[in-house]
Amino acid sequence: MVMTKTKVFFREDRCKGCELCVSVCPKKIVIMREDRLNEKGYHPAGVIEQDKCISCAFCATICPDTVIRVEK
Amino acid sequence: MVMTKTKVFFREDRCKGCELCVSVCPKKIVIMREDRLNEKGYHPAGVIEQDKCISCAFCATICPDTVIRVEK
Amino acid sequence: MGKKVLMKGNEVIAEAAIRAGCTHYFGYPITPQSDIAHYMAKQLPLVGGTFVQAESEVAAINMLYGASGAGARCMTSSSSPGISLKQEGISYMACAELPAVIVNIVRCGPGLGGILPAQGDYFQAVKGGGHGDYKMVVLAPANLQELYELTVEAFNIADKYRTLVMIMGDGNLGQMMEPVQFKDQEDIYKDEKAWATVGTGMKRKHNTITSIYIEPEVLEAHNNKLQKKYALIAEKEVRVEEFNTENADIIVTAYGTVARIVKNVIKLAKKDNINVGLIRPITLWPFPSEAYVKCAEYAKAFLSVELSAGQMVEDVRLAVNGKKPVYFHGRTGGMIPTEKEIYDKIKEILEKLGG
Amino acid sequence: MGKKVLMKGNEVIAEAAIRAGCTHYFGYPITPQSDIAHYMAKQLPLVGGTFVQAESEVAAINMLYGASGAGARCMTSSSSPGISLKQEGISYMACAELPAVIVNIVRCGPGLGGILPAQGDYFQAVKGGGHGDYKMVVLAPANLQELYELTVEAFNIADKYRTLVMIMGDGNLGQMMEPVQFKDQEDIYKDEKAWATVGTGMKRKHNTITSIYIEPEVLEAHNNKLQKKYALIAEKEVRVEEFNTENADIIVTAYGTVARIVKNVIKLAKKDNINVGLIRPITLWPFPSEAYVKCAEYAKAFLSVELSAGQMVEDVRLAVNGKKPVYFHGRTGGMIPTEKEIYDKIKEILEKLGG
Amino acid sequence: MAVVFDRPHALVDVSMHYCPGCTHGIVHRLVAEVIDELNIEGTTIGVSPVGCAYNNYLYFNCDMQQAAHGRAPAVATGVKRVHPDKVVFTYQGDGDLAAIGTAEIVHAAARGEKITTVFINNAIYGMTSGQMAPTTLVGQVTTTSPYGRKPEIQGYPIRVCEMLSTLTGAAFVERVSVHDIKNIRNAKKAIKKAFQVQQKGYGFSIVEVLSTCPTNWGINPVDAMKWVQDKMIPYYPLGNFKGADLEV
Amino acid sequence: MAVVFDRPHALVDVSMHYCPGCTHGIVHRLVAEVIDELNIEGTTIGVSPVGCAYNNYLYFNCDMQQAAHGRAPAVATGVKRVHPDKVVFTYQGDGDLAAIGTAEIVHAAARGEKITTVFINNAIYGMTSGQMAPTTLVGQVTTTSPYGRKPEIQGYPIRVCEMLSTLTGAAFVERVSVHDIKNIRNAKKAIKKAFQVQQKGYGFSIVEVLSTCPTNWGINPVDAMKWVQDKMIPYYPLGNFKGADLEV
Amino acid sequence: MEQKIIIAGFGGQGILSAGRFLAYAGMLEDKNVSWLPSYGPEMRGGTANCCIIISDEQVGSPIVNDPTALIAMNTPSLDKFEKIVRPGGVIIVDSSLVGRQVNREDVVTYAIPATELASEAGNATFANIFLLGKLIAHTNIIKPESFELSLKHGLREKYHHLIPEEMKVLRRGMEY
Amino acid sequence: MEQKIIIAGFGGQGILSAGRFLAYAGMLEDKNVSWLPSYGPEMRGGTANCCIIISDEQVGSPIVNDPTALIAMNTPSLDKFEKIVRPGGVIIVDSSLVGRQVNREDVVTYAIPATELASEAGNATFANIFLLGKLIAHTNIIKPESFELSLKHGLREKYHHLIPEEMKVLRRGMEY
Ligand SMILES: Cc1ncc(C[n+]2csc(CCOP(=O)(O)OP(=O)(O)O)c2C)c(N)n1
Ligand SMILES: Cc1ncc(C[n+]2csc(CCOP(=O)(O)OP(=O)(O)O)c2C)c(N)n1
Ligand code: SF4
Ligand code: SF4
Ligand code: SF4
Ligand code: SF4
Ligand code: SF4
Ligand code: SF4
Ligand SMILES: [Mg+2]
Ligand SMILES: [Mg+2]
């Protein structure tokens, strides 16, 4: 198994589940985590396949709640 | 002596002596009557040589106080 | 009487106004009374009336001036900061003797404050938030049936005296639902408003609506005329509910939603054999001062309970005129006194007085 | 003390403000106080200050909010209708505890009314023309020397308590000339205003000026804090002139230019061996209620003389609290009572009471 | 004996209170002439401002309301919404309309309120003794710009017609002047058209009239007319900004 | 490990109260990024509106004042005149700026007040539950235009940039949108330039940001972005109206 | 008889409408009723609650400080209101969403996984109805038939087809 | 001694400034003084008047309802104020402009064609000064030297060359 580097960090407690990040990711790797609820009562967003991420920061740029930090 | 027809009528009591009528008469026949004061305390305007009047109504048109009536 | 309907207080006001023949509403949104505008926006056009969302409260009150001066039954509504902005217009309308209804669903101040219930605009409404000597009739309903009936009355009083009438409530009254029964037909005071500006039709001298009186003698005469009218209103239009006041040990004064809490307190006190009376002013102006004269003979004390830091209590003091002690209990900021809290205050007072 | 100068009341206000360290003035013209703006427009730039003619009274009061919040000593002035428009802003400033001075050179209302002297904005100033529970200190000078000194004081009181201070006069006071002697140096209350928004300089947490308190508990606590401050002001800052009150048969209450007329009346009455006293509130709020307690023991009656239909008389009644009868004499519309007229009223009262 | 010029019926036969040579008087007469010509005296309701024209409800023979300072468009809106079949106009100064009443005029225009505004731009507050107006020219000395209006401090004069023309609801917008005979005649045409645009229901109409205030400008009435021509017109170009093409 | 994107320092590290997907949040971050980039956090004073952003004084790390509804430009004027050397901005909604606050914004612009306004046009009153704004589109259903905005009754939406561009005192006027990445980046550039224009003392600067209100529009955040593109931009064209050429 | 009820939870859970249907049903039975929502500038996504009073006597204040019954649909609501329920009263919680037990011992408690059960019954958004069922069963405050009438009156025509389903959920709640 | 003076006439006749010079002169003599103009929205072209009090005691109200002296420079002013002058007081009218006689018999009256005389003396606008001269002579309220100082203080530098002329007119008024 290859270790994938984490490039996109989500502060899940801040996420409001608006799905804007999902809508802009060119790699379609941002998804809503239907499996969990944060304390605000939302399903937070997250990235599953970090290795596909190109660090374009589109997700972070459109996130109204500054949930996302992107590294390269 | 020739009878001259009166063409321009001034309601002297309404005149405020602003001299605008004087300034626009093409025939230069409107003058301020320095000889009398109306009840407002102004020297009223008037026309001395009615026969020269061409009934252009410039004087009446510019008079802010609707002092002047013009006939032809 | 129609059948009972369950409605929000704000919607009751709007519906009642339409039933009272209000054809024109001008307003600017503000919580917690915007439902009035929403209802009007939806319903007024259906009955041939007109809803205008003004660009501000200042514009709204001046549109009201125009519409009232043009002869329409009309209304505006707002909440505290918005009502403050209307003060110049209110003074103008009072001076020009223009009839109209103004609703203030009071929120907690000062400043932007909060949006919860309060009664901190009492002084503004009854003493005069605007400049100069004028009065408005100020109605303070405590339940939605009364809210409905007083709203209709408000339009009648306005037209009858050519005066402004304010309906004062709070967010609880505006937001709550309670059954209301509408009448099949309203009693409408009719007046042909010969003074209104509707076009001369070349049939009469032109009418003028104005509040300017440059000559002091003329302005004083006009003020005297206004004061005479206010005296007449004060004589004719006082509305008050006296509840359990006979032989009460202590008389509580409270209006609007607070009075409802006090009624619960009266029940509580009864159980302990304490006799608490309630004077509930329904007209805040004219204030029901008369009601205090008789009570001041036997009651040991008076207590004004308000959602304020102490406003109506001054009118209670003026009415009691030193005959008995007058106490105050108030909450602000949207806090509402509980029954227990008020009852404790009553017990404390009676104890102090050796009750 | 400098030498005597002969100045218009309005100019005295402006000059005094500048001497008190007022650096920013925001206003909108309105008769009879526009000279204040003219003076400020001319003089402020010469001392490094700023004069801004606002687009309206609403804008002016909100500029004042900004400037005060930014730490400046600042002022606005207007007359009745303009002051009505400022009510929302006044309530905001009171809530946000912003110190500033507001001048109201009252004209006769209601509505556009006239421009002659009146005292019909008393209620608005002292009870609260804006929404919610707040108070302003209201100063009512009667001559130009006092006008000067109180204007300086106004800025000090404002800063000391983080409160609004209103100077209330009328057209007579604003338009008249009288000798004034300015001090060489003013006593200025200094405060570093650590709460002001002047930029954090990255050295502290950011400051916020606000009047919003959404949580009822928090807003109530803030209101309690405000009320405590007002209680302190009421304790410390009452100003009153008692003139000939000892053993007076009747005590007249009058403020501002009316008090000057009453002083003439007192002279008149002395000749007839009638002892008339004057309580002249210099602070309309806090009202000098204490002064009445002692007088109520020996005076037969009280009389409030106002250029209104009866406003301050309510505070007189509250102060006298039923101990002696309280009468009222008022003129409106710019009419000023003559000495004879007031004296006649006094004689009528004393006669009625068997004096 | 033909009458070439006489007082219009819609102008009440009393002496007006304006200062000698003040062009407020000319504009009053033009409005009254238009009311006469359109035969609408009986169906017109006017709204007076606060400004020197504060009591012009005494001068027009139609029904009138006096509005609070700056609020004439709101008052007119109230009137018009009650009587959509009547002709409603406001008469306002530049302090009234372009300072305190900015929101009201912009929104009456944006709403396409079917009213007509006669806007007197005399670059000053006449009534209150010569303070700076939003239309006061750069450099102009007034009682509140004693060192002359300085753009760095007091900004630039507002061109009301240009500003309101950006609003779709404004159907007719024109700037005229009354400083000479030709312009007085043009002014009347514009006012007439503005009323007609209202009658046709196209929307909001306004005529800005460059006007004089000899008293507060501190010059005589004749020179004041010249000042309009020399100083005002260069900054406030005359002409139609909108609606010239509307059929009436 | 290079950080490509992180929270700006000028944005307080708390959760904001806006609805899910509301673009108020994006604009807040952009403003904070600009404050960071210009290194002016310590010398900036912001003014909060009344509207959904009423308590954004909690979100910016610079000194802040909260203004009465519509009066932020007046408050900012007061601040700026006391501290001409500081950077002063207002953040206002379309009800706040284009309805009740019309006079204040027009005059701040006319005065050439050296402040910057960030203007959120979301075509609705968000805070008070979805009433018609002056910028509500024709046909748009709101709680106070339940039958859709009808021009005959409610008039036409105001184009604020176009209107303010007519004022000489307005130095920089631009309309942007934040409905996609490219536009978000443009928006930031415009906001930055607006602040710089202020710093250079050119006059008043304003950036109008087309923004969403999923809650009161009654659609989800992603569709809301599309609605901006499809409905708003055609009526509110993006671009610079003034000041693009200013050197900063 | 007088019942003072608080229903509380997240916005979007149908808190306010549940209360309204209840009050309306009470009115249909000729009882005195009142309904009072909490309102605030930040209702969206935040908490929502309402007070309902159904009484044989005139309703005094519509504010409920001492509820006889509480329905709590999230943890903050239980935290906030648990302590003010009258001894002998009832607390009904949606245990699908409330993460803890009720601590009071002097009240009747029902912990019902209403969201789960309602979604099993076909529609998770009917959790509120499920809980109301329990409330009705416990207090007898209104008849289920009145509730059905209330739904008919309160729901827009296009949702009327859901009423049978909702009544089914209500009865399941009653029987739970 | 206390003098309560009303000066009244048309706007533009120097009514207000005449009063101001008088009051200032009083102040220079360490008397108590007040000056109060009438003000109105229609002062232009209309009437203007002011009240001046010069007194050894503190000035009470600056409003003068019972003048000891009246200077009337047009007929409406005489009409308005004639009746309130105190018996024994003085009325001075500019008979160039006032079309009638003073009717009071219980006051001292001077009818002076001041406008004519002043214009003879070189400047019709000094009529006000001429009349003031008479007032000063009759009442001794201030010394002419104080008036000269007052002019110096009150007039802008560029008008100072007129002062000798004005003082000449004043003295002619005093001697008339
Ligand atoms: C609320 C309010 N503010 C101020 C005034 C004072 N005021 C009266 S008229 C006026 C301005 C007049 O100027 P403008 O509108 O240009 O009219 P003009 O006199 O020049 O014709 C002002 C500020 C007032 N009456 N009401
Ligand atoms: C004087 C006054 N009037 C009305 C309100 C109520 N109010 C609060 S926010 C708002 C409008 C908000 O809309 P907008 O400015 O577009 O901001 P948004 O919420 O859409 O961001 C209104 C009318 C108020 N607080 N004060
Ligand atoms: S940085 Fe770009 S590629 Fe990576 S998750 Fe975000 S949007 Fe997708
Ligand atoms: S854009 Fe932000 S708030 Fe929205 S879902 Fe993505 S991470 Fe969450
Ligand atoms: S009508 Fe013409 S020519 Fe005759 S007086 Fe008047 S301006 Fe002169
Ligand atoms: S224009 Fe009219 S008011 Fe002026 S001087 Fe001529 S007649 Fe008299
Ligand atoms: S002050 Fe100016 S605008 Fe007013 S009437 Fe006189 S000249 Fe005309
Ligand atoms: S109501 Fe609209 S504008 Fe306000 S926070 Fe929610 S989505 Fe944003
Ligand atoms: Mg003007
Ligand atoms: Mg908005």
Side-chain angles (χ1 to χ4, degrees), chain C residues 58 80-81 83-85 87-88 91-96 106 108-116 118 120-121 123-124 127-134 210-224 226-227 308-311 314 317-318 320-323 331-335, chain D residues 58 80-81 83-85 87-88 91-96 106 108-116 118 120-121 123-124 127-134 210-224 226-227 308-311 314 317-318 320-323 331-335:
Chain C
V58 171
S80 309
I83 298 288
S84 289
L85 284 171
Q87 292 304 321
E88 189 204 23
S91 176
Y92 268 69
M93 290 187 76
C95 190
V106 182
C108 41
L112 192 48
I115 60 174
L116 293 173
D121 302 358
F123 276 147
Q124 185 190 57
K127 300 298 172 192
H131 57 287
D133 293 286
Y134 70 90
T210 186
S211 72
I212 307 179
Y213 297 88
I214 289 298
E215 290 302 322
E217 292 81 4
V218 182
L219 180 50
E220 183 169 63
H222 183 66
N223 263 306
N224 290 344
L226 293 180
Q227 291 299 321
S308 86
Q311 302 197 7
E314 289 201 359
R317 288 218 169 90
L318 287 168
V320 172
N321 200 25
K323 291 200 198 78
R331 298 301 299 268
T332 64
M335 300 297 289
Chain D
V58 171
S80 310
I83 297 289
S84 289
L85 285 170
Q87 292 305 322
E88 188 203 23
S91 176
Y92 267 70
M93 291 187 76
C95 190
V106 182
C108 41
L112 191 49
I115 58 175
L116 294 173
D121 301 359
F123 275 147
Q124 185 190 58
K127 300 300 172 191
H131 58 287
D133 292 287
Y134 71 90
T210 185
S211 73
I212 305 179
Y213 296 88
I214 288 300
E215 290 303 322
E217 291 82 4
V218 183
L219 181 49
E220 184 171 61
H222 183 66
N223 264 306
N224 290 344
L226 293 180
Q227 292 299 320
S308 86
Q311 302 196 8
E314 289 200 358
R317 288 219 168 90
L318 287 168
V320 173
N321 200 24
K323 289 199 200 77
R331 298 301 298 268
T332 65
M335 300 297 289

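Chain letters run A, B, ... following the sequence lines, proteins first, then strands; residues in each count from 1.
- Here D:D133 is the residue among D:L219, D:V218, D:D133 with the most heavy-atom pairs under 4.5 Å with chain C.
- When C:A94, C:C108, C:G114, C:G111 are compared by the number of non-hydrogen pairs under 4.5 Å with chain D, C:G111 comes out ahead.
- Residue D:I83: no heavy atom, backbone or side chain, is found under 4.5 Å from chain C.
- Interface remark: C:E314 contributes backbone and side-chain atoms alike to the contact with chain D (heavy atom separation under 4.5 Å).
- Heavy atoms only, all atoms of each residue included: C:G132 and D:D121 are closest at N-OD1, 3.0 Å.
- To the nearest 0.5 Å, the span separating OG on C:S211 from CG on D:L112 amounts to 5.0 Å.
- In this structure, C:N223 CG and D:M335 CE are separated by 12.0 Å, a value rounded to the nearest 0.5 Å.
- Residue contact with chain D, scored on non-hydrogen atoms closer than 4.5 Å, is absent for C:A118.
- The part of D:Q311 that comes within reach of chain C is its side chain, from C-beta onward, which places non-hydrogen atoms under 4.5 angstrom from that chain.
- With respect to chain C, the highest number of heavy-atom pairs below 4.5 Å among D:A96, D:S84, D:G120, D:G109 belongs to D:S84.
- When each of D:Q227, D:Q87, D:E215, D:K127 is scored by its heavy-atom pairs under 4.5 Å with chain C, the top score falls to D:K127.
- A donor-acceptor pair is defined here as one N or O able to donate and one able to accept, closer than 3.5 Å; no such pair exists between the side chain of C:H131 and the backbone of D:P110.
- Note: C:L85 CG to D:E88 CD = 4.0 Å, rounded to the nearest 0.5 Å.
- The greatest number of non-hydrogen atom pairs below 4.5 Å with chain C, out of D:N224, D:L318, D:V58, D:V320, is found for D:L318.
- Ranked by heavy-atom pairs shorter than 4.5 Å toward chain C, the options D:G334, D:G310, D:P81 are led by D:P81.
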